[in-house]
Amino acid sequence: METSSTDLFRHITADKTAFYRAIMDVFAAAKRQYRLQLRPDEVLTEAAWTSTPPGLEEVAQALSQLAEWGNLESQPDTARVSTLSDFYRARFLYRLSRGGEAVEAGLAVFERTLRLRAELQSVALEDIDSRLQALWQLLTHDEASGNGPDVAKTHEILRDLVRVFEDLADNAQAFMAGVARSLELHQADANMVVAYKRRLIEYLERFIGDLIRRSDTIARTLDNLSTRIDPVLLLVAEREARDAAPGNTTEQADETRQRQAAWRERWKGLRGWFLATGNEPPQAELLRARARAAIPQLLSAIAAVNERRSGRSDRSADFRVLAQWFADCASEEDTHRLARAAFALHPARHFSLEVQSEKEVPASTSWLEAPPLTINPRLREYGEAAPRGPLPRVRDRSEERALMARQLAEESRQVEAARRRLAHGRPTRLSRLGELDVHEFGLFLGLLSEALAEQSGPEQAVERRTGDGLLHIRLEPLAMDSQAHVHTPAGILSGRDHLLTISLVQELA
Amino acid sequence: MSTPPFHQEARRIGELQRTQQQDEFRRALRALLMRPLMSPEHADFPAVRRQAERLREWFAREAGWPLHVDREGARLFKRPADLSDPTRGLPGYDRRRYVLLCLACAVLERADPQITLKLLGDRIMQQATDPALAARGFTFTLRTASERRELVAVCRTLLEHGVLERVAGEEANFVHESSWQHSDALYDVHRRLLAGMLAAVRGPSTWRTEDAPLDTESRLQSLVAELRVDSEQGHRDALRHHLARQLLDDPVLYTASLKADAQAYFINQRGTMAGRLCEAAGLVAEQRAEGLALVDENGQLTDVAMPAEGTEAHATLLVAEYLAQRLRQTGEPTLITEAEVADFLRNAVGRYGRYWRKSARAPGAERELAGLTLDRLHRLSLIVRDTDGLHPLPAIARFSLGQTEVRARNSDTLSLLESLT
């Protein structure tokens, strides 16, 4: 029957996987017992059904389905029958097909790998050591006897060595991965971990001790062997090639080369495990370091577990119960009260600003009688202590600017007019100035202050040029009892009369 | 013989150092009052560490609050004296968030030293399927944006308190419908601070099923009930701690709210007590006939500031004045309805509205604003609210300010030139 290899695995993903697996297990067991084929009724009686045993009809159907997928091969059963119904029923004998066998082997490996516990094998170290010693003795003995090496024995030792070594390497790899993830410890129940710890630590210590002790002798033996192992590997490769390829001589030479390369690689791996290559530390060293590091890691994990156990309570459980309490609260207010009691994360809360008062208020004063707060009036009035807020949007100010320009022009025109009125270069009495408008008075006051600043005594005449360098002013006091009144929109300026001369500097020049 | 200058100098330096120590102690104490679970990143953590021994003694003596300080953080277990105050929970939290926070902590307790936002969410989802929670109608799936927002809010609380520390990524995008599947954040879990999250005296899970407290009141008690020494001194200490806890944590302590024995003790001891607490914490005691408030002059020692800036704070201040005035008129406890407050605010819009944010000026907004202001006043123990309305409490009278005159700048008056006369 033509089947694709994927069909072979369909029974694992089918609806009744357990049912199919039970049947296939029977065939796998039969294979181990060297039984060639099985009848449906034998399958029915031998299988370890997980639930109630199915009917024979059902089993037969499953068997034919498995045969269709290619896991089983069937052939008509020609044994004698004793009833009519048996005769009319299609009867078959079943056995594992080649594909089915491969699937079973694969699944077995799969399961074993999954179950593989990370373990370090002290025994393997011992084995490797003894195999190497045997190899060394064999080679030395053969050399001493003058014959070539005993290839058959050497081959056996080497095969054994490789098997043990591969086991060790696999386990070491699993161990490293396991420790790295610290998988076992996190999943384990706290009690189990604590109970397990002594054993594990003792075991790790023993392994490390072994590793240190053995790896030294192993390394020395390996080193000794290295110089003469190559011809031996060639001989072994030749022996294997003889077995494998009955073809012509070139094919055989090829095969030998390949086998030799494979052996050399294994040997190199073995060396690399126990001897440093170049700058690389030997694998055994790494394993030792990792195993040593595992101990404190384990201890800290145990400490964490202990902490969890010895604490007043399991915090995680506390939080879960607390979650239920929150969920039980009748109102939101209650949740806040509960939160304050449970978490106590709230900051302090106090009034700000103390009441400022001149005298101490007696403690028996009511708040109603006591002086109230003094609050920054800005804060009281506008709700802000200082002007702030986002920058106002950019406004088009051309209109305002035009207005300002107009005002400026108007102002300078008036100032100019005031100047013309006052700065005519003729001496004038203050009492004769008459009425001054705002601009004139502004100009007048400015000039006056500049002149008076220069004056050292009330009787002295002052003469100076204004700060802007445009006007020249001369102020001469008149008689002490003279009086001048200058009428302005802001009021009347009165004082001692002076003779005032204001002239434009340009005109003087 | 006069003291040689050298000794004077030494004494001066000694005094200076004492002052500095005192300053640092005060700063550390104030920092812990504001942040009882403090991560080493906090600006005042070095001060707390240096003063740890003194602080521990002080808090234990004055308030009976345990303080733990080590390299990885500080925790002041501020057990409350007043369990009835609903305004002191976590800001912005509701029932669901509290439940989620608990579940998040439960997950973190069991988690590795690092965790991602997604993983945390997944594990919380698993925890939420607990039949005990499901029976209470709690579900959490992360499927809606609001649920993811809740998770992010819880994460931010934990980040804020230093329980989690962000290593990579960002929570912000986790809420968005389109991008949340692709955004994640990685956190370090700080176990020491996580261990400080729960302040309960007795863990809620330690009760045997038959003894477990069944209603909220007994559960509240079970979280804070401490072992008391049954002696005269023990009783006095308990009273003193009870009062100090309230004075340090709450804005005001009204004598009338205390039980008879506490009241008697308080009336006798409040002066010295207030003096001790204020000296250490840099507060000012406001002692009145009705009670005692420890006031922080610069307003740092509070989560609800008053007076403060902004529309709501301004409205709160105005309402406080209004209520104080009403209280003053009657001079005794009086009931005021929320509608009256809203009316007052409606009228205030005319005078102050232009300084307020626009949404507060809209017609009808005064109701919301009244709610917000009363909430603030409630938080500050200045009013009590019930279904009918509110009662102003005595301390509100400190805000009876009356009218403020803000004068417009008047034109400067001219002075005559003296030299001309």
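A, B, ... follow the sequence lines: proteins, then strands. Residue 1 opens every chain.
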Partners passing salt bridge (Lys or Arg N to Asp or Glu O under 4.0 Å) against B:Arg288 (at least two apart in sequence or in another chain): none
Chain A contact via B:Leu101 - side chain, backbone, both or neither, heavy atoms under 4.5 Å: side chain
Interface residues of residues 479-488 of chain A facing chain B - non-hydrogen atoms under 4.5 Å apart: none
Toward chain A, the part of B:Leu317 with a non-hydrogen atom under 4.5 Å: side chain
A:Ser366 portion near chain B, given a 4.5 angstrom heavy-atom threshold: both
Close side-chain approach of B:Leu133 to A:Gln324, heavy-atom, < 4.5 Å: yes
Test side-chain hydrogen bond (donor to acceptor under 3.5 Å, both in side chains) applied to A:Asp328 - qualifying residues, sequence neighbours left out: B:Arg136, B:Arg219
Contacting moiety of B:Ala135, where chain A heavy atoms sit under 4.5 Å: neither
Contacts of type salt bridge (Lys or Arg N to Asp or Glu O under 4.0 Å), residue A:Glu476, not counting sequence neighbours: A:Arg474
Parallel, tilted or perpendicular: rings of A:Phe343 and B:Tyr98 (30°, 60°): parallel
Interatomic distance, B:Asp249 atom CG to A:Arg349 atom CZ [nearest 0.5 angstrom]: 9.0 Å
Spacing of B:Thr302 atom OG1 and A:Phe351 atom CZ [to the nearest 0.5 Å]: 9.0 Å
Rounded distance [0.5 Å steps], CG in A:Leu338 versus CD in B:Glu217: 10.0 Å
Donor-acceptor pair, side chain of A:Asp318 and main chain of B:Ser205, under 3.5 angstrom: yes
Chain A contact via B:Leu283 - side chain, backbone, both or neither, heavy atoms under 4.5 Å: side chain
Engaged part of B:Leu318 at the chain A interface, taking heavy atoms whose separation is under 4.5 Å: side chain
Segment of B:Arg354 engaging chain A (4.5 angstrom heavy-atom cut-off): neither
